[in-house]
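First up is the structure itself, then whatever we jot down about it.
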Amino acid sequence: MPYVPPHLRAGAASIPAEVSRGRDGGRSSGGIRDYGGGFGGARRSESLSANGNYGQAPGRDGSSAGKKIESRGVVLPDVVWPKWEPSERVRRLNEDQIAEVRARLNVDVEISPDSAPASAPIESFEDMNLHTSIMKDIAFHSYTNPTPIQAQALPVALSGRDLLGCAETGSGKTAAFALPLIQHCLAQPPMRRGDGPLALVLAPTRELAQQIEREVKAFSRSAEGFKTAIVVGGTNIYDQRSELRGGVEVVVATPGRFIDHLQQGNSSLSRVSYVVLDEADRMLDMGFEPQIREVMRSLPKKHQTLLFSATMPEEIEALAQEYLSQPVRVKVGRVSSPTANVSQTLEKVADKEKIDRLLAFLEEEFSQAEDTNQAPPLTIVFVERKARCDEVSDALVEQGLKATALHGGRSQSEREAALRDFRKGTTSILVATDVASRGLDVTGVAHVVNLDLPKTMEDYVHRIGRTGRAGASGCATSFYTDRDLFLVAQIRKAITEAESGNTMAFATGKAARKKEREQAAAFREGRLAPVGVTQIGATTVRVDDRYKHMIAPTVDVKKGEGAADNAWED
């Protein structure tokens, strides 16, 4: 049954199925999506003239908007879809040259058989023909050459195509959708008070949403009057309401809180024509699928959708098939195993001795930094529970170490302060639950310590991915006990494969994770005979070849479907 917002449930039974889901289940002919309009989605006015033209409205970049549409009795300008082309040098590349560039960047591109070829990758920002204000900000922030995901995703997005992107952590995915987002918004007619946003970015956690908004602001600082708003839980909803009603070009939000604002009439989807679902696999894991589907069904008929995911389980494939129209699929690098840039160490330690061992370990490491007149290395210590997080942080502070805690039980201001101090280096140790394991990008993290190992290999990969980012080297140290032996065997196998230059694959999706949990339980209970390290990979679920380079996040079985902003609290 489709998700229905609480304020609409009383009348839900009277809504025809073709209206609530779109006349063809979410897809209309010609690749144009019609998902209803439950939250102010744009609808063509019944009073349109014969040619449907209400006149022209200039875009911010001087382009011309076409006919207007009407929503809630207010005439809105139609979306401008500016024609984009790269530099002439790029346009002259032949198929062999394009293939050579993609091979050098380690980029894989897939399109459906009946789709037009994907845009060529571009290895220079100057060749992308971006808006002058964006280029000014790229220069201001000293960006030189695009990363591989940016090199291929940027031209695809700029050309107006839907995109399904997958790249390893720290690869620059945010700029890959933020730059074309800003370019698109600058082409639209000016915002007015009360207008909904032109672009919407949905993200799973507050920290990731804040990180995305910072990047959008960084590359729109030179665009006069360009406004962004961040809409997340844990902050004052009335301040957010005032900002949204004032009119903003871009909203970056967590799904639950944004649905709240739509229900209250503080924002609208009527002018949204550029949508990004970032870390979509994590949003599905957290139970946000009903909210995502409601937003997607309520969008205007014509819009561009970009979906980025660290993994590609069946659930993401289903989402892409329903809401993306002939997307270009872009995969960059390996995202299935621990990065070769991270040196990994496993150490068996009894539970009651873990904190003492951690203290001794960190004191020794920080002493060595002090002896060489270097700053203490930025270190993230992962633990299993919120209470454990505070306990460990307090113990470190008592020993004179600069540590802070980050978990779902802290207020938003406390979480922001903890991350701010860690990024600045004021605090050198961040003790965190898995709220910090995905999407969090802190430059210079030198060491990740798993005081408590996670439940699955996938979460382990994401945790240690907080270090060794963007080509830098890093270290990961994991303490384990007898109950972790099933996971430890997989980690050892992955390390062996990485040292041999191979990639160890892990199954993806909820069914695969359920199977893995069952195998781990059977292993602990003795129902699954101990196996050698070289055979442990055979106990994972076999999946189709196209998924084997992926991993998948775990699902917290305690969380129900449709959880709101505070869902990821450990």
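Inter-residue side-chain proximity for P189 and R271 is flagged as met; some heavy-atom pair is nearer than 4.5 Å. Contact check for R293 versus Y323: side-chain heavy atoms found under the 4.5 Å cut-off. Counting heavy atoms from C-beta on, the side chains of Q211 and E207 never come closer than 4.5 Å. Residues L198 and M191 are in side-chain contact: their nearest non-hydrogen atoms beyond the backbone lie under 4.5 Å apart. The closest side-chain heavy-atom distance from T174 to F308 is not below 4.5 Å. Taking 4.5 Å as the limit, some side-chain heavy atom of P77 sits within range of a side-chain heavy atom of R192. For the pair R161/I111, a side-chain contact is recorded, criterion being any heavy-atom separation below 4.5 Å from C-beta on. Side-chain contact check for V79 versus P300: every heavy-atom pair is 4.5 Å or farther apart.
Residues R89 and D127 are paired through a salt bridge, judged by an N-O separation under 4.0 Å between the basic side chain and the carboxylate. Note on R329 versus E317: salt bridge recorded, some NZ/NE/NH1/NH2 to OD/OE distance being below 4.0 Å.
Annotation: the span from Q188 atom CD to W81 atom CH2 amounts to 7.5 Å, rounded to 0.5 Å. With values rounded to the nearest 0.5 angstrom, T305 atom OG1 is found 11.5 Å from E322 atom CD. To the nearest 0.5 Å, atoms CG (D137) and CZ (F219) are separated by 7.5 Å. The line from CG of L277 to CZ of F177 is 10.0 Å long, rounded to the nearest 0.5 Å. The distance from atom CD of Q264 to atom CD1 of I237, rounded to the nearest 0.5 Å, is 4.5 Å. Considering CG of N106 and CD1 of I149, their distance stands at 11.0 Å, rounded to 0.5 Å.
Under the 3.5 Å distance criterion, the side-chain polar atoms of D162 are matched with a main-chain donor or acceptor of S325. At least one donor-acceptor pair under 3.5 Å links the side chain of Q150 to the backbone N or O of G172. S220 places no side-chain N or O within 3.5 Å of a backbone atom of A223 that could act as its donor or acceptor partner. E215 places no side-chain N or O within donor-acceptor distance of the main-chain N or O of I212, the cut-off being under 3.5 Å. Side chain of S124 to main chain of E126: a donor-acceptor pair is present (N/O by atom type, distance under 3.5 Å, no hydrogens or angles). A donor-acceptor pair is defined here as one N or O able to donate and one able to accept, closer than 3.5 Å; no such pair exists between the side chain of W84 and the backbone of A157. Of the possible polar contacts, none joining the H141 side chain to the Y143 backbone as a donor-acceptor pair under 3.5 Å is found. Using modelled atom types, one side-chain atom of R91 and one backbone atom of P86 make a donor-acceptor pair closer than 3.5 Å.
No hydrogens or angles considered: a donor-acceptor pair under 3.5 Å links the side chains of Q240 and T235. Side-chain atoms of Q304 and H184 include no donor-acceptor pair closer than 3.5 Å.
Among all heavy-atom pairs drawn from S222 and K136, the shortest one is OG-CD, 3.5 Å.
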